[in-house]
Amino acid sequence: MPELPEVETIARVLSDGKGEYQTSIIGCSIKNAQVKWARTIAIPSPEEFSERIKEQIITALTRRGKFLVFSLSRDAMLVHLRMSGDLRVEDHLDQGGEPIPLDKHDRMALILNNGQRLVFNDTRKFGRVWLVADAGEVTGDLGPEPLENSLTAEKFHKVLAARKRQLKPLLMDQSFLAGLGNIYTDEALHLAQLHPLAIASELSEGDARRLLDAIRVVLKEGIRRNGASIDWVYKGGDFQNHFRAYGRTGEPCPECGTPIERMVVGQRGTHICPTCQPLA
DNA sequence: CACGTCACCTGCGTGC
DNA sequence: TGCACGCAGGTGACGT
């Protein structure tokens with residue numbers, strides 16, 4: 001599911017306590033961990049994970065690219081939701097004081113000292129959790145954050161100019177730029193009126209500036225709408241009702257009315273307006 | 001370096 | 001109804 005806006009939304013909901021339970025997880029300590037699908041834990045072993053995370057306090061929750069970064073008293077826990085992951089906070093015990101059974105696709109749960117639990121649900125089992133001393137061990141190879149002002153249009157043009165790669169796969173390369181996925185890349189390219197197969201190094205400075213602006217516009221709108229909710233994966237977002245191109249095959253382009261076309265780029269379904277996004 | 005292919009997983013919609 | 005198939009918000013390991 002989750003690209004930058006969905007991950008950002010989850011981070012905000014959990015740290016601000018805006019969810020169903022209205023309490024923040026910041027300041028809670030972890031009583032213990034339940035790992036139901038061992039491969040969910042990327043590092044260390046599930047056994048060591050459960051031991052080492054006990055009694056640690058959640059001091060902060062931030063986002064880096066598509067990673068959720070939990071700062072703990074001694075370590076950092078990182079969660080990547082991949083295609084179908086989600087996090088939720090709920091009561092751990094029922095009225096009688098018995099643990100409420102986890103759902104079928106819950107892969108891991110952290111029992112907190114306030115009677116609640118943080119649950120990682122992931123139908124497709126692609127998601128991963130890391131427990132490391134320093135978050136940089138996991139996020140070290142990520143490219144810049146697209147919403148940070150330190151990424152200027154000049155810098156962006158310079159790094160694009162250095163790459164003879166197809167634009168869409170490059171934008172989705174997390175070591176080039178952190179946070180874009182299939183949806184927001186299609187949306188940004190459509191807004192910037194650039195073709196996904198354009199060669200990065202051939203973009204003009206104006207193209208690069210327009211692209212960076214477009215990326216920021218679609219990401220910010222995604223965040224403002226609490227992300228995009230498609231099918232059964234991830235709920236609560238509204239951005240899916242405002243897609244310009246993604247998933248709109250055959251529907252009229254919002255700019256010119258030409259039917260949106262679907263193509264495949266880098267094995268990913270890709271949606272473009274052939275009129276607004278010509279290839280050179 | 002750039003690109004294609006496959007693998008990892010489960011579930012849903014479609015068409016026969 | 002059953003069943004095969006293609007598709008899905010991501011990434012990483014290969015081979016060329």
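So that the names make sense, note that chain A is the first sequence line, chain B the second, and so on, each numbered from 1.
- The phosphate of B:dC9 has neither OP1 nor OP2 within less than 4.0 Å of any side-chain N or O from A:H105.
- At least one side-chain nitrogen or oxygen of A:R268 sits closer than 4.0 Å to the OP1 or OP2 atom of C:dG9.
- If you look at A:F243 and A:Y184, their ring centroids are not closer than 6.0 Å.
- Across all strands shown, B:dC12 forms a Watson-Crick or G-U wobble pair, both distances under 3.5 Å, with C:dG6.
- Phosphate contact (OP1/OP2 of B:dT10, side-chain N/O of A:K125, threshold under 4.0 Å): present.
- Among B:dG11, C:dG9, B:dC9, the nucleotide with an atom closest to any side-chain atom of A:R39 is B:dC9.
- Taking side-chain N and O atoms only, A:K66 has a distance below 4.0 Å to OP1 or OP2 of C:dT11.
- For the OP1/OP2 pair of B:dT5 and a distance below 4.0 Å, the side-chain nitrogens and oxygens of A:Q267 include at least one atom meeting the criterion.
- Regarding contacts with the backbone of C:dT11, a side-chain N or O of A:H80 is found under 4.0 angstrom from either OP1 or OP2.
- If you check every strand for non-hydrogen atoms under 4.0 Å, A:G269 touches sugar and phosphate atoms only.
- The side chain of A:R262 places an N or O atom within less than 4.0 Å of a non-bridging phosphate oxygen (OP1 or OP2) of C:dA8.
- In this structure, A:Y246 reaches the sugar-phosphate backbone alone: every heavy-atom distance under 4.0 Å involves primed, P, OP1 or OP2 atoms, never a base.
- Taking the side chain of A:T123 as heavy atoms from C-beta on, and the options B:dA2, B:dG11, C:dG9, the nearest nucleotide is B:dG11.
- By the criterion of a centre-to-centre distance under 5.5 Å and near-parallel planes under 30°, the ring of A:F126 forms no stack with the base of C:dT11.
- The partner of B:dC1, taking Watson-Crick or G-U wobble pairs whose two distances both stay under 3.5 Å, does not exist in any strand shown.
- In terms of polar N and O atoms assigned as donor or acceptor, the side chain of A:R124 comes within less than 3.5 Å of the base of C:dA8 in a complementary pairing.
- Remark: of the listed residues A:Q34, A:K36, A:R88, A:R88 is the sole one forming a side-chain hydrogen bond (donor to acceptor under 3.5 Å, both in side chains) with A:D106.
- Going from atom NZ of A:K168 over to atom P of B:dC3 covers 14 Å, rounded to whole Å.
- Here B:dA2 is the nucleotide among B:dA2, B:dT10, C:dT11 with the atom lying nearest to any side-chain atom of A:R163.
- Taking atom CG of residue A:D106 and atom P of nucleotide B:dT10, one finds them 15 Å apart after rounding to whole Å.
- Side-chain N/O atoms of A:R128 include none lying less than 4.0 angstrom from OP1 or OP2 on C:dT11.
- The side chain of A:K164 contributes no N or O atom lying less than 4.0 Å from OP1 or OP2 of B:dC3.
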